[in-house]
Amino acid sequence: MLLDANPLAPGASGSPGPFRDRSNRMPDDPPPMSSEERRNRRCRLLDGGLVVTLGAAVLIEWTGGFVLELLGREITVRSAGTALTLFVLLWLVRSGLAGGLARTARFAALALTWAFVGLVLVVALDRAVRAARGRVVGPEPGDAPPVASSRTGLAGSADWNVLLVSLDTLRADHLGCYGYERATSPVIDELAAAGVLFRQHVASAPSTLDSHASLLTSLNPTAHGARVSPPSPLAGEAVTLAERLAGAGFTTAAFTGGGQLDRTFGLAQGFGLYTDDHKPFEESVDEAVAWLSEREDDRWFLFLHTYQPHHPYRPHGRLSKRFSRGYQGPLPEVISVDLVRRINTGDLPIDAADLAYIVARYDGEIAYTDRHLGRLFRFLRDNGQWDRTLVVVTSDHGEEFGEHGWVAWHSHTLYDELLWIPLVMRLPGNFAGTVVDEQTRAVDVLPTLLDALGLPRDEAMVGSSLLPRLDGRSSGTGPAAISERTLGTPLISGRTSRAKLVYPTDLLPARGGGWLAGLSSAERHRRVAPDRALFDLRSDPGETRDVCSPRTWRGGQLRDDLSTVHQRDVEDSLAGARVDLDAELRQRLRALGYLD
């Protein structure tokens with residue numbers, strides 16, 4: 001017989017043994033808890049859960065919610081009502097326990113309490129990790145201040161010409177060099193491979209005049225004051241790139257599509273020749289080639305602008321058809337402004353195939369533009385001027401294709417589909433294949449050109465030279481990109497590579513707090529809610545979740561930066577008198593969709 005089967009063995013079943021009494025307790029064991037003591041213990045645990053849930057409700061209300069990133073999934077908690085509901089349920093269970101409930105109800109209540117405690121701990125851990133990576137709002141650690149011009153220029157740039165090309169309404173993500181799957185831009189892609197591509201380049205405005213004025217002056221829209229509605233030209237006191245280069249001995253010319261770049265709006269400053277008549281891009285290239293043919297011995301600056309990628313979208317033979325083959329829907333070959341208006345007002349419903357067709361027509365315009373830009377580049381090569389020409393290809397703003405409800409439209413929001421634009425440069429020196437991943441701004445282009453040419457800049461410019469990003473003289477990501485909407489309620493946005501904050505400029509606190517200084521955070525939040533937003537671009541690059549909260553008013557670095565920048569621009573604004581638009585210009589603006 002086995003020892004542990006011996007009925008007389010100490011501790012064996014059927015005998016208390018010498019060390020335990022009949023209740024199987026050791027002599028020094030504490031007395032068992034009564035049922036009332038166990039009930040009181042569970043009630044105390046539930047009391048702790050009540051405190052946690054109430055605190056969580058306050059936390060959610062204070063921060064405006066949070067987003068958990070767990071195992072690749074996102075869990076969004078926005079409403080304090082969730083925590084308050086759980087608080088009430090726990091209170092009812094706790095009250096029931098005090099009077100006695102079934103054992104299953106007790107364990108269920110405990111499990112629910114500690115599950116929520118675990119969620120709170122996960123939230124705390126998530127926030128700690130995010131804090132370690134950097135704040136959601138505000139510049140990133142190591143942000144670099146603006147870098148002044150070296151004034152020495154890049155090696156070999158002493159006799160270089162400058163070609164600045166602006167392709168109106170061109171989204172960066174519809175170019176091959178930015179990862180687009182369609183072959184819309186082989187010429188620009190080749191330029192990027194031979195030069196520098198700036199991957200996160202941000203426009204100063206979602207409209208043509210405001211953005212181009214910033215590009216040519218390195219001033220924010222509020223500071224330069226040029227806008228279409230109400231019509232206000234660029235002030236004569238603003239110093240443009242053309243004026244600076246003309247002063248340095250360059251012969252200057254501009255071939256533009258007019259409209260918002262009509263000379264009425266003041267952008268002709270500094271150009272010896274400025275054309276502003278609307279025409280197909282191939283005709284503008286012909287004019288530019290004719291002008292350049294007579295400048296072989298001059299040092300020149302040429303600004304070339306076209307509305308070609310802007311609606312209306314017209315067919316260009318096989319260039320357009322290759323992107324829209326197989327479409328059998330009701331939309332016509334020409335995507336006109338009136339057609340786009342009917343779509344956006346809901347008078348003309350469209351489906352996914354129709355939207356894809358509109359995008360294909362847009363891509364066809366890009367391909368057409370790229371082809372004729374190639375003609376200009378070939379002329380410069382054949383004419384012996386390419387090897388001493390600094391080339392910049394960029395845009396003024398992007399275009400919407402349903403990301404936030406609008407199709408083939410712009411000017412009215414500050415979402416990335418309107419602000420993310422291309423910037424490709426060919427510079428003197430060995431920069432072939434260089435890609436700058438850090439965010440850059442449209443106002444940085446002018447200081448970069450001056451720096452590359454060894455020309456001085458002045459303190460009025462808000463942009464910074466981008467050359468230190470190329471040769472290792474600068475680290476960090478630079479200041480937030482400021483963009484402004486001047487149509488309707490004026491809005492301003494500040495964007496870093498991680499976050500974007502949008503606010504009505506009229507509600508930004510002035511120095512000393514402004515008229516909102518005496519209001520609570522919640523009241524401030526309520527008053528600006530219709531036109532404000534905060535997006536975490538790391539977890540929400542499509543800008544679909546507004547995580548703005550009352551705390552943004554109190555501690556948001558981006559909010560403070562926007563307030564400081566806007567206050568400075570208001571004080572230094574060059575905005576001048578309004579101008580009257582003649583009938584011809586009004587008709588041109590109406591054809592582009594800028595006037596009703």
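Looking at heavy atoms from C-beta onward, D370 lies out of side-chain contact with T184 at the 4.5 angstrom threshold. The shortest side-chain heavy-atom distance between S324 and R361 falls under the 4.5 Å cut-off. Side chains of S483 and L418 form no contact here, defined as non-hydrogen atoms less than 4.5 Å apart. Here the side chains of D540 and V547 are not in contact, with every heavy-atom distance at 4.5 Å or above. Taking 4.5 Å as the limit, every side-chain heavy atom of R426 sits out of range of all side-chain heavy atoms of L163. The closest side-chain heavy-atom distance from V340 to I358 is not below 4.5 Å. The closest side-chain heavy-atom distance from P332 to L339 is below 4.5 Å. Taking the side chain as every heavy atom from C-beta outward, L423 and L466 approach each other to under 4.5 Å.
For the 3.5 Å distance criterion, the side chains of S465 and D451 qualify, holding a donor opposite an acceptor. A donor-acceptor contact closer than 3.5 angstrom links the side chains of E484 and T222. A side-chain N or O of S166 and one of H212 form a donor-acceptor pair less than 3.5 Å apart. Between the side chains of S336 and D338, no donor N or O sits under 3.5 Å from an acceptor N or O. No hydrogens or angles considered: a donor-acceptor pair under 3.5 Å links the side chains of Y368 and E282. Remark: the S185 side chain and the D189 side chain contain an N/O donor-acceptor pair separated by less than 3.5 Å.
With H174 as reference, Y362 is the one residue of W420, Y362, F323 to meet the ring pair (Phe, Tyr, Trp, His ring centres under 6.0 Å) rule. The residue from E365, E399, E400, E403 that alone fulfils the salt bridge (charged side-chain N to carboxylate O under 4.0 Å, His left out) condition with R171 is E403.
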Could you please spell out the steps behind the side chain to side chain contact (heavy atoms under 4.5 Å, CB included) verdict for T306 and S284?
CA-CA 8 Å; T306 180; S284 295; 5.6 Å; no
Please report the C-alpha distance between S214 and H224 in whole Å, then the side-chain angles of each, then the deciding distance to 0.1 Å, and finally whether the side chain to side chain donor-acceptor pair (under 3.5 Å) criterion is met.
CA-CA 7 Å; S214 290; H224 62 62; 3.1 Å; yes
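Taking every heavy atom of both residues into account, T448 and D444 meet most closely at OG1-O, 2.6 Å. Between A480 and T496 the shortest heavy-atom distance is CB-CG2, 4.2 Å. Shown here for H305 and G257, the closest heavy-atom pair between the two residues is ND1-N, 3.1 Å. In plain terms, the two heavy atoms of L170 and I421 that are nearest each other are O-CG2, 4.0 Å.
A salt bridge does not link R227 to D210: none of the charged nitrogens lies less than 4.0 Å from a carboxylate oxygen. Comment: D546 does not engage K500 in a salt bridge, judged by the lack of any side-chain N to carboxylate O separation of less than 4.0 angstrom.
The aromatic rings of Y307 and H310 lie perpendicular to each other, with more than 60° between the two planes, well past the 30° mark.
When the shell of 6.0 Å around CG of N430 is examined, it contains 12 or fewer heavy atoms from other residues, nucleotides or ligands.
Checked against the 6.0 Å centroid threshold, F271 and F301 count as a close aromatic pair.
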